[in-house]
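Read the structure below first, then the notes.
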Protein chains: 2
Amino acid sequence: MARNKHPEETVSLILDVSYRLFMEKGYEHTSIQDIIDHLGGLSKGAIYHHFKSKEDILVAVTDKMTEESNKMLAVIRDRTDLTGEEKLKMIFKESILRPVQDDIFTVAPNLSNNPRLLFSIFKETVQDAAPHYILPILEQGIKDGSIRTDYPAELSELIILTANIWTNPMIFDNSAEESYRKFMVFRQMMQGFGLDVVDDEMLARLQELAAIYQKNK
Amino acid sequence: MARNKHPEETVSLILDVSYRLFMEKGYEHTSIQDIIDHLGGLSKGAIYHHFKSKEDILVAVTDKMTEESNKMLAVIRDRTDLTGEEKLKMIFKESILRPVQDDIFTVAPNLSNNPRLLFSIFKETVQDAAPHYILPILEQGIKDGSIRTDYPAELSELIILTANIWTNPMIFDNSAEESYRKFMVFRQMMQGFGLDVVDDEMLARLQELAAIYQKNK
DNA sequence: CTTTCAATACCGCATGACGGTATGTAAATA
DNA sequence: TATTTACATACCGTCATGCGGTATTGAAAG
């Protein structure tokens, strides 16, 4: 294929195709050749010019998946008009009410047979989201008195893992009812830590999302 | 090699070797040939006679890893002299004080670079341990009044995932201090659910274990 | 007690798929 | 024009798995 004057577009194309295939067939069952076949004329050389390995593509895909969500997290984290607890509440509200994941839900669910992709998201959550977004908020909450804990680093990990991974119906392949019940347990857990971050509007929306997911199975 | 009159021994050998290699090098970086090389004369055909695929070996290895722990869980679950809450406490005590995992800790830590093995354990925990061992105990606890929850199935999942996966220093590659703090958070979480299952003796032992793990890194 | 025979434990080469590399080429840029 | 860069093409080594074949077994038949 002819050389592209804007190579970012080629990178983007490779990532989009890879994302779709990784979700549909799983990372391990997607071959480089599969990706090439959906690239519309591009070759193996193109891929290995822009990415150093298949795993490198996986990392980039994962980053892209979490990018938008992370932007939202950063905005809330950096506001100065909210207490730590209020920020936490806002995060959960945002991620449920206006999820980037709407398309994820409709594209090709079921990470429960996709070890590598799941692991990659898992790692990103622990190594990036927890320390860079949740932890600072907990630390602020400790200072402003809205949050009380002796172990903010560990608590931030537990919170984000529970919220982002465990209650994610795409990962655990849960029904609408199961997701709803998980969120009720999550709410209770947060209350146990003295945090009241889940309200009824959020629960209603969650049921809606889970229903969408079920339909596209 | 000569044919073995007791083929279970061959199966067992293959599993032992595979387990060691999967832990040391990771599942994906262990080739069938690697396994053969450590089998003492057995061939590729032997492996594929007893197992239908490499993945099949992984499943069998995982089963064997959790087998002993599951036996313990079954014994406690089936006792008739304890309340639900007491059983929970005993489970955590057992799994910490007398861990089968002592050897796992010394053999070859670090599942944080072993997506497939981790995923396999993860799946086993959710699909087997939670519903078959923890859930019945919660249900009993609801009946005998020692445990209160509206969502026993979801709570059992959350508890076992947090206890077995999140606080596992082998999986998250935590230091002794980090593991200790995680367990403190876990304790607080359980207290939030009205469950008092962690005592000081357990915390002391946990610090010990984490130290062992650190030494063998 | 011996012979027969089917089941099964095991061998090891063949094969095709796959991830990755080396090298070539032409367009873009400086 | 010279250099860099975006891609193409041919090729390599490794790997999981398939498969035709052989040797050993245990049990039943003679």
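Each chain gets a letter, A, B and so on, in the order the sequences are listed, and its residues count up from 1. Below, each value reflects all heavy atoms present in this structure, side chains not excepted, and no hydrogens, waters or symmetry copies.
The rotation axes computed at either terminus of the helix from C:dC1-D:dG30 to C:dA30-D:dT1 lie 10° apart, taking five pairs at each end and rounding to 10 degrees.
One finds no side-chain N or O of B:His49 lying less than 4.0 angstrom from the OP1 or OP2 phosphate oxygen of C:dC10. Between D:dC7 and A:His50, a contact under 4.0 Å exists linking OP1 or OP2 to a side-chain N or O.
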- Note on the structure: With B for base contact, S for sugar-phosphate-only contact and - for none (protein heavy atoms under 4.0 Å), nucleotides 17-30 of chain C reads -SBBB----BBS--

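Among residue pairs with one or both ends in residues 150-164 of chain A, those qualifying as salt bridge (Lys or Arg N to Asp or Glu O under 4.0 Å) are A:Glu154-B:Arg181, A:Glu157-B:Lys182; sequence neighbours excluded. Within the structure, the side chain to side chain donor-acceptor pair (under 3.5 Å) test picks out the following pairs touching residues 25-34 of chain B (sequence neighbours left out): A:Arg116-B:Glu28, B:Lys25-B:Asp34, B:Ser31-B:Asp34, B:Gln33-B:Asp37.
A pairwise comparison of heavy atoms in A:Ala163 and A:Phe92 identifies CB-CE2, 3.6 Å as the closest pair. Between A:Asn70 and A:Glu124, the shortest heavy-atom contact is ND2-OE2, 3.3 Å.
Distance B:Lys25 NZ to D:dC15 P: 8 Å, rounded to the nearest Å. In this structure, B:Leu39 atom CG and C:dA9 atom P are separated by 15 Å, rounded to whole Å. Regarding B:Ile47, its CD1 atom lies at a distance of 18 Å from the P atom of D:dC19, rounded to whole Å. One interatomic measurement links the two molecules: NE2 of B:His29 to C1' of D:dA16, which rounds to 16 Å at whole-angstrom precision.
B:Asp78 pairs by the side chain to side chain donor-acceptor pair (under 3.5 Å) definition with nothing, not counting sequence neighbours.
Taking the six-membered ring where the residue is Trp, B:Phe183 and B:Phe186 present tilted rings, their angle falling between 30° and 60°.
When atom types are taken as modelled, the side chain of A:Asn113 and the backbone of A:Gly26 share no donor-acceptor pair closer than 3.5 angstrom.
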Distance-only check: which donor-acceptor pairs under 3.5 Å involve side-chain atoms of residues 45-53 of chain B, not counting sequence neighbours?
residue: B:Ser53; atom: OG; partner: B:Glu55; partner atom: N; Å: 3.4
residue: B:Ser53; atom: OG; partner: B:Asp56; partner atom: N; Å: 3.1

